Amino acid sequence: MLGRPERDARTGRRADHEVFDAPRPARVRRPAVTAVPRLSLRRRVALALGAGSLLITSALSFATWTLATDYLLRQREQAGARQAEVNARLVDQSLRQGAQGLEELLTGLTTGPDSTVLLFRPGGVLTSGRQVDPGVLPRSLVALGREGTAAKQRLRVEGVPVLAVTLPITAAEGAYVELVPLVQLDRTFRFLSAVMVLGVLVSGLLGVGLGVWTGRRALRPLTEFTRAASRVAGGDLSARLPPQTDPDLTHLATTFNATAEALERRVLRDARFAGDVSHELRSPLTTMVNAVQVLRRRRADLPGAAGKALDLLTGEVDRFARMVVDLLEISRADQRADGSEAEPIDLAELVRNVLAARPGSTTPLEAEPAWVLGDRRRLDRVVSNLLDNADRHAGGAIRVGVLRRDGRVRLEVDDAGPGVPPELRERVFQRFDRGARAGSRGADTGSGLGLALVAQHVQRHGGTTGVEPRPGGGARFFVELPETPR
Amino acid sequence: MRRVGEDRADMDHSVLLVEDDENIRQALGLALEDEGFRVTGAVSGEQALRVLAGDGFDVVLLDLTLPGVDGLEVCRTLRARGDLPIIIVTARADTPDVIAGLEAGADDYVSKPLVAGELAARIRALLRRRGTGHQGEVLRVGDLEIHRDVGTVHRAGQEVHLTRTEFRLLVELAAAAGRIVTREQLLQRVWGYDYFGDTRLLDVHVRRLRRKVEPNPDDPVLVVTVRGAGYRIGVDR
């Protein structure tokens, strides 16, 4: 999960290492059908913390709720019951004294618009306060009062939560019932429960948030690690992990950096090796090319097989020399050490000069002034290598073009040869790939590095190289470089 | 193909080949003799300086990596003695060695593996006679008087010592009378290069020339750079 976006970030690998990264391990594909989608560690941590927090706060809330509601209810019930007892005694007294002013008394006893007082007497029911149908009261409750037992019960009467308290009226063999409203308490309970549910939810969310944050924080070094590792995989061998302060991570970082460094050293050493070999070959090669030149002048003195052998020898020594020179140029590990600076160059003029210096060249040039920022020596090399390539594989260039197109300068070298099949169009720019083109291995095959050098030099200039079919047959090798204002 | 001894005129020219590798010295010597030069070998810087103390050489071919007194030191010493043409031989064309050698006074450079045929062309270009103009022809640039026929430059009656290559470079620029001379033209006319992309050779020589003829080399008014094109003589100044 972690490294997934980075896994394809293989662009921008450096050409220096191109030759060494050929045996790239096949990419491991995930099975198409995964049975259970595994959650990432970060998500698991978040969920666990969220669930834990939810559990703890809900337990706490539940306990608080139970204790608080129980206590409040008991308080209210006791208060209601006491009040009802006092009231019942008053009613009892009033009945004993002859029931005058009973109505007024009952009205006076009701404490609010929601409270109701009912007086059950053998003759009927006397109601005061909020009018309630006596039939809604549980028969058993009224019966208890009549039988001389005080009782209380919580009820919902016509939508209003009440506490019904029943008391015996000894004077009239009746029952006094008072309905104490619990609306206020109910509202309080509702509010309390809302607060608690909300609290539980918020704490759950906070838990998840904390989990996400912790997870990210804990995994940040791992993210850095992934990034560095994928940079290395992409060819940037200079990628390193920053020094870690966490003792748990120091070892990982140190090991990673040591590995990357060893790898970089090794790749550089390999790259340098080709350069060193070519370098060492220069001295014997100088002797050889000059000795061969002396022999070549005396070719006429060597008839028959010896002369033929001499021809072969001189041809190969020349090729060998070219190869060593090209190899040196392409394998330079530190390409910035040659002291050359980029300068504005008119590519058209440069191409004209190169063409003019080629013996017997009649290739037409279609060019407009086009300025690029570059290194003259390398661009010269690019142009002449492309021309050499056309000579070698396609009987010579038939047109060279220098055009300006959308801020790019495009150099085209056209030939009327067999063309380059699509599957080889990238390969021809790789080192020593000349064998890939059918029928091209004649007596003069070049160093096998010409087009690779073109690609490398052009890349250094921030440009691109390619080959496409020429309209009308043959191949068109092109180079595109960023244009620079004159 | 060239015939042996075609350039008999070059037999008058004598080359000192300073190279510590025995095989290279022999092979290159043979090939250069085929090109028509008289070749003498020297194995070290000390020997080269000893041999060159006497007269008799027209050009020195100097390997930069020598045991003992190294090539750069030999180059500087020779330049201090006079304007004997020096071609340095470097291991690689792309190292700071080239610049160092040219700054030390070399006229040209070649890199290994060097081929005698190519080298002969370089030597011939260097040995072209110094005086080229008509008799008594004088070019004037600022307060400089260039006597083309005898190959001398004077500033206010005082002779300015230029090497042969520096002189030819100055003449090429002065003869254009303020028009731009491209790098390619200069490389071709002064050094005999048909096709050559490396302009460090030219840049260093321009620098050396400026040090000798400009009133203030950091702010050149005589040898003016035209960015991206070449150089011209600042005649108006």
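All figures in this text were calculated on a predicted structure; none of them were measured in a lab. Labels below follow one simple rule: chain letters A, B, ... track the order of the sequence lines, proteins then strands, and each chain is numbered from 1.
- Of the atoms belonging to A/I345, not a single heavy atom falls under 4.5 Å from chain B.
- In summary, the side chains of A/T287 and B/N23 do not present any donor paired with an acceptor at a separation below 3.5 Å, with no hydrogens or angles considered.
- B/V98 is listed as a side-chain neighbour of B/R200, based on a closest heavy-atom distance under 4.5 Å.
- B/E172 and B/Q185 are not linked by any side-chain donor-acceptor pair at a separation below 3.5 angstrom, with hydrogens and angles left out of the test.
- Heavy atoms of A/V325 lying under 4.5 Å from chain B belong exclusively to its side chain.
- Looking only at heavy-atom pairs under 4.5 Å with chain B, the residue among A/A321, A/A291, A/S283 that has the most is A/S283.
- With a 4.5 Å cut-off on non-hydrogen atoms, B/R183 touches chain A through its side chain but not through its backbone.
- The existence of a salt bridge linking A/R399 and A/D415 is excluded, since no basic side-chain nitrogen approaches an acidic carboxylate oxygen closer than 4.0 Å.
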